[in-house]
Amino acid sequence: MSEETQNYITYLQEDAIEKINSLDGDAKPNFGIMTAQHMIEHLVKTIKFSIKNYGEAPSEPTEKHLGFKKFIFSDMSFGETKPEKAKLEELKYATLVEAKEGFAEAIDRFFDFFDKNPDAQPYNDFFGALSKAELERFHYKHFKHHFKQFNLE
């Protein structure tokens, strides 16, 4: 395992959970309209979404999928969502504490999935088919974006 891969794993399994657990429910975002709980639930949903198959991958990746992979490994950051284009989803967890627990459970589910399916490349139309290493890099980058949103970086 490369040092970079180990760094992503440590970040996802330890650092990210620590940062989420330190988040105060009254924290105000630096950008966007999400509350702290909305942000956590968004990350939970994205983690779960990333390890499910949504149909069959095309025999060749599309330009969109190739572009997404290129973005994952680039130094480019996620853009800030314009408030006028943002929409808050209904909260799924009753409390912030439950959302934080759901985040830790989603991280565990992610790594458990790949422990049982090391060669899996879950597919969805947005991401394309991504390997464990590619998804680790994506989640690392995505988490850092939202952690900046709430001064957790």
Side-chain angles (χ1 to χ4, degrees), residues 1 3-54 64-65 67-117 120-153:
M1 177 182 317
E3 184 177 335
E4 182 179 52
T5 298
Q6 185 56 52
N7 289 343
Y8 294 146
I9 292 170
T10 300
Y11 184 86
L12 298 174
Q13 290 183 313
E14 297 172 19
D15 302 344
I17 292 171
E18 187 177 305
K19 289 175 189 298
I20 287 292
N21 285 334
S22 75
L23 184 59
D24 184 274
D26 296 328
K28 300 291 182 223
N30 292 317
F31 57 87
I33 64 171
M34 288 185 186
T35 65
Q37 186 167 339
H38 280 99
M39 183 271 289
I40 294 169
E41 291 196 21
H42 167 71
L43 296 178
V44 169
K45 182 178 178 180
T46 305
I47 295 164
K48 290 178 178 179
F49 178 76
S50 75
I51 57 173
K52 290 184 181 174
N53 275 312
Y54 294 90
K64 179 174 116 179
H65 298 153
F68 188 73
K69 279 189 183 192
K70 185 176 178 182
F71 169 74
I72 291 171
F73 289 97
S74 74
D75 291 333
M76 291 176 56
S77 59
F78 283 86
E80 296 177 10
T81 304
K82 305 262 186 258
E84 61 274 9
K85 292 187 177 187
K87 182 182 129 192
L88 289 177
E89 292 191 17
E90 201 170 308
L91 294 172
K92 303 281 187 235
Y93 295 97
T95 67
L96 180 67
V97 170
E98 287 179 21
K100 289 177 178 182
E101 290 168 356
F103 179 80
E105 289 168 8
I107 294 288
D108 287 345
R109 182 188 279 182
F110 176 86
F111 285 100
D112 185 53
F113 172 82
F114 282 107
D115 285 346
K116 293 175 180 167
N117 307 283
Q121 290 197 6
Y123 171 79
N124 67 65
D125 190 48
F126 186 80
F127 296 159
L130 298 177
S131 68
K132 177 182 185 253
E134 291 166 331
L135 286 167
E136 287 168 348
R137 171 68 180 166
F138 162 71
H139 289 304
Y140 170 82
K141 190 171 193 166
H142 188 221
F143 289 6
K144 287 183 86 64
H145 165 73
H146 285 291
F147 291 170
K148 275 192 224 169
Q149 184 180 20
F150 285 91
N151 294 318
L152 298 175
E153 273 304 306

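Please read these numbers as outputs of a predicted model, since none were measured by experiment.
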Would you indicate whether F49, at its atom CZ, is surrounded by more than 12 heavy atoms from other residues, nucleotides or ligands within a distance under 6.0 Å?
yes
What distance do [X] atom [atom1] and [Y] atom [atom2] have between them, rounded to the nearest 0.5 Å?
X	Y	atom1	atom2	answer
F150	K19	CZ	NZ	14.5 Å
D108	I17	CG	CD1	6.0 Å
L130	S50	CG	OG	8.5 Å
N7	L12	CG	CG	10.5 Å
F71	F138	CZ	CZ	8.5 Å
I107	Q13	CD1	CD	8.0 Å

Within the 4.5 Å heavy-atom criterion, are [X] and [Y] side-chain neighbours or not?
X	Y	value
M39	L23	yes
E134	F73	yes
S131	Q121	yes

So, does Q37 use its side chain to make a donor-acceptor pair with the main chain of L96 at under 3.5 Å?
yes
On the 0 to 90° scale, with breaks at 30° and 60°, tag the [X]-[Y] ring pair as parallel, tilted or perpendicular.
X	Y	result
H139	F110	perpendicular
H145	F31	tilted
Y140	Y8	tilted

Taking every non-hydrogen atom, the tightest pair across [X] and [Y]:
X	Y	result
V44	A106	CG1-CB, 4.2 Å
G32	P29	O-CG, 3.7 Å
A129	Y123	N-CD1, 3.6 Å
F127	N124	N-OD1, 2.7 Å
I72	R137	O-NE, 2.8 Å

Could you walk me through whether K100 and T95 pass side-chain contact (heavy atoms from CB on, under 4.5 Å), step by step?
CA-CA 9 Å; K100 289 177 178 182; T95 67; over 6 Å; no
E89: which residues meet the salt bridge (Lys or Arg N to Asp or Glu O under 4.0 Å) condition with it, sequence neighbours left out?
K45
Would you please name every residue forming a salt bridge (Lys or Arg N to Asp or Glu O under 4.0 Å) with K141, sequence neighbours left out?
none
Ion pair check, K132 and E136, cut-off under 4.0 Å:
yes
Would you say the ring centroid of F143 lies under 6.0 angstrom from that of F103?
yes
For a side-chain contact (heavy atoms from CB on, under 4.5 Å) with H142, tell me which candidate from L135, T46, I47 qualifies.
T46
State whether a side-chain donor-acceptor pair under 3.5 Å links E41 with H38.
no
